[in-house]
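Single-structure report; data block below.
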There are 2 protein chains.
Amino acid sequence: MARKGYPGGMTATPTPPPANPAAPPLPGAADDWLRLDQQICFTLNAASRAFNGVYRVVLKDLGLTYPQYLVMLVLWEHGALPVKKLGEQLRLDSGTLSPLLKRLEAAGLVRRERSARDERSVEVRPTEEGTALRRRALAVPRRIVAATGFEIDEIRDLGARLHQLTTALDKAADGA
Amino acid sequence: MARKGYPGGMTATPTPPPANPAAPPLPGAADDWLRLDQQICFTLNAASRAFNGVYRVVLKDLGLTYPQYLVMLVLWEHGALPVKKLGEQLRLDSGTLSPLLKRLEAAGLVRRERSARDERSVEVRPTEEGTALRRRALAVPRRIVAATGFEIDEIRDLGARLHQLTTALDKAADGA
DNA sequence: GGCCATTTGGTTGTGCGCAATTGAATTGTG
DNA sequence: CACAATTCAATTGCGCACAACCAAATGGCC
């Protein structure tokens, strides 16, 4: 196998529980919890990968991967940033960013240079070419939104909810 | 850097547009689209990783990673499955599953054996130990749900929406 | 039986995500 | 100034995700 399509028609949710509100096998039953868990954790994971897949297709023209695109979005917005700030914005650490930024530099989209004020810090700034790429990137969002089949407001709402979720999860992960 | 916490307090959404419904700077403005794009694609990505982080913590006791847990969930539900079916359920291909299943086998949680009926197919079935692990896994969902800070219904609703999203995105990725 | 397309897993290569370590630069303190 | 603690980036190691390619088994067809 190892092919892109999911021929069988891809269930995306293994046996989605019919959500029969009338006769659930006891709401507190552990089996039920486990199935709900399967539902939600799997679903979010799948949605993320599906999104990734669409971006992969759309971004191929720009020669960017999805995370690289995220980095460029931040750089287009802020101009130039130290790796540290970039990591805070994107919620990524140096282990992920260092090689990624090297690839962007190899592609000629970005330059990395030690800050003069603080030799520990590395400033990342888009090159001429990197800045120019923004024009072509303007076509991306529409295609993505179209692919979702959602209305703008729905997307915004979903985004807000996910943001809220992320905040709660981060707090829980730190606390535990 | 390269540490787990995000000391600076983690913005998670770079400059979240105030979502001011009264005076948006022209709804069709390209900049706006790009920022919305940044919002949604980043947010989903971040939520997925945050989820992953919480599962990482919770699953450490069981010695499972998040994707391995997903595999075990399916196996607990269905008993034994060929790799192909597993891939359909989980939306993963052999390139991901083969090494993952080997690790689960090395951990003694799973056995893989060629089907007698069809020598191409490999049946994956939980071992005694793998089946036993289910009891301990029953504690997981509650902790996850608690970490989200969401009500069950909210989670269900979010799940449904994400499922819908995934379906649309898959269709778009195939079509494009 | 012989041939060929299809199905099924596996392997390789590239890139992301994160924990842990290292090393240099900076800051704080006596 | 000397010395310890902190900050920042890079590196290493492991696991996941996916494309591309491969070999074996199967099934239809003549």
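Residue numbering restarts at 1 for every chain, and letters A, B, ... go by the order of the sequence lines. What's counted below: heavy atoms across the whole structure, side chains too, no hydrogens, waters or symmetry copies.
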- [ ] Please determine, for the side chain of A:Glu119, which listed nucleotide (D:dT26, C:dT26, C:dG17) has the closest atom?
- [x] C:dT26
- [ ] With the side chain of B:Asp93 defined as its heavy atoms from C-beta on, choose the nearest nucleotide among D:dA19, C:dT7, C:dG17.
- [x] D:dA19
- [ ] Would you mind classifying the nucleic acid contact of B:Pro99 as base, sugar-phosphate or nothing, using non-hydrogen atoms under 4.0 angstrom?
- [x] nothing
Open item on the list: Could you tell me how far apart A:Arg120 (CZ) and C:dT26 (C1') are, to the nearest whole angstrom?
Closed with: 4 Å
Open item on the list: Please evaluate residues B:Glu88 and B:Lys84 with respect to the criterion side-chain contact (heavy atoms from CB on, under 4.5 Å), reporting the C-alpha separation (whole Å), side-chain torsions for both, the decisive distance (0.1 Å), and the verdict.
Closed with: CA-CA 6 Å; B:Glu88 284 172 12; B:Lys84 168 75 185 241; 3.0 Å; yes
TODO: Please lay out, stage by stage, how B:Val140 and B:Leu62 fare under the test side-chain contact (heavy atoms from CB on, under 4.5 Å).
DONE: CA-CA 10 Å; B:Val140 171; B:Leu62 306 187; 4.0 Å; yes
Task: Whole-Å gap separating C1' (D:dC14) and CZ (B:Arg56) - done: 11 Å
- [ ] From the options C:dT8, C:dG17, D:dC8, select the nucleotide whose nearest atom is closest to the side chain of B:Arg49.
- [x] C:dG17
Open item on the list: On DNA chain C, compare the nucleotides closest to A:Thr65 and B:Ser98; which residue's is nearer the 5' end?
Closed with: B:Ser98
TODO: To the nearest 0.5 Å, tell me how far B:Leu90 CG sits from B:Leu97 CG.
DONE: 6.5 Å
Open item on the list: With a 4.0 Å cutoff (strictly under), does any side-chain N or O of A:Arg112 reach OP1 or OP2 of D:dA10?
Closed with: yes
TODO: Provide the closest heavy-atom pair for A:Leu101 versus A:Val83 in the form atom of the first, atom of the second, distance.
DONE: CD1-CG2, 3.9 Å
Open item on the list: What is the distance, to the nearest angstrom, from the CG atom on B:Asp118 to the P atom on C:dT7?
Closed with: 12 Å
- [ ] Just compare D:dG15, D:dA17, C:dG17 and give me whichever is closest to any side-chain atom of B:Asn45.
- [x] C:dG17
- [ ] To the nearest Å, give me how far apart CG (B:Leu70) and P (D:dG15) are.
- [x] 17 Å
Open item on the list: Please determine whether a side-chain nitrogen or oxygen atom of B:Lys102 lies at a distance below 4.0 Å from atom OP1 or OP2 of C:dT11.
Closed with: yes
Open item on the list: Taking A:Leu162's backbone N and O only, do any of them form a donor-acceptor pair with A:Thr166's side chain (distance below 3.5 Å, no angle check)?
Closed with: yes
TODO: Let me know the distance between CG of A:Leu100 and P of C:dT14, rounded to the nearest Å.
DONE: 16 Å
Open item on the list: Can you measure B:Leu86 atom CG to C:dG10 atom P for me and round it to whole angstrom units?
Closed with: 11 Å
Open item on the list: Rounded to whole Å, how long is the line connecting atom CG of A:Asn52 with atom C1' of C:dT14?
Closed with: 14 Å
TODO: Could you tell me whether A:Lys85 contacts a base, only the sugar-phosphate backbone, or nothing, with contacts defined as non-hydrogen atoms closer than 4.0 Å?
DONE: nothing
TODO: For B:Thr96, report the nucleic acid contact type (base, sugar-phosphate, nothing); a contact means any heavy atom under 4.0 Å.
DONE: base
Task: DNA chain D: 5'-proximal contact among B:Arg117 and A:Ser121 (nearest heavy atom) - done: A:Ser121
Task: Nearest-nucleotide pick for B:Leu92, side chain only, options being C:dC18, C:dG10, D:dA17 - done: D:dA17
Task: A:Glu88 CD to D:dT7 C1', straight-line distance once rounded to whole Å - done: 12 Å
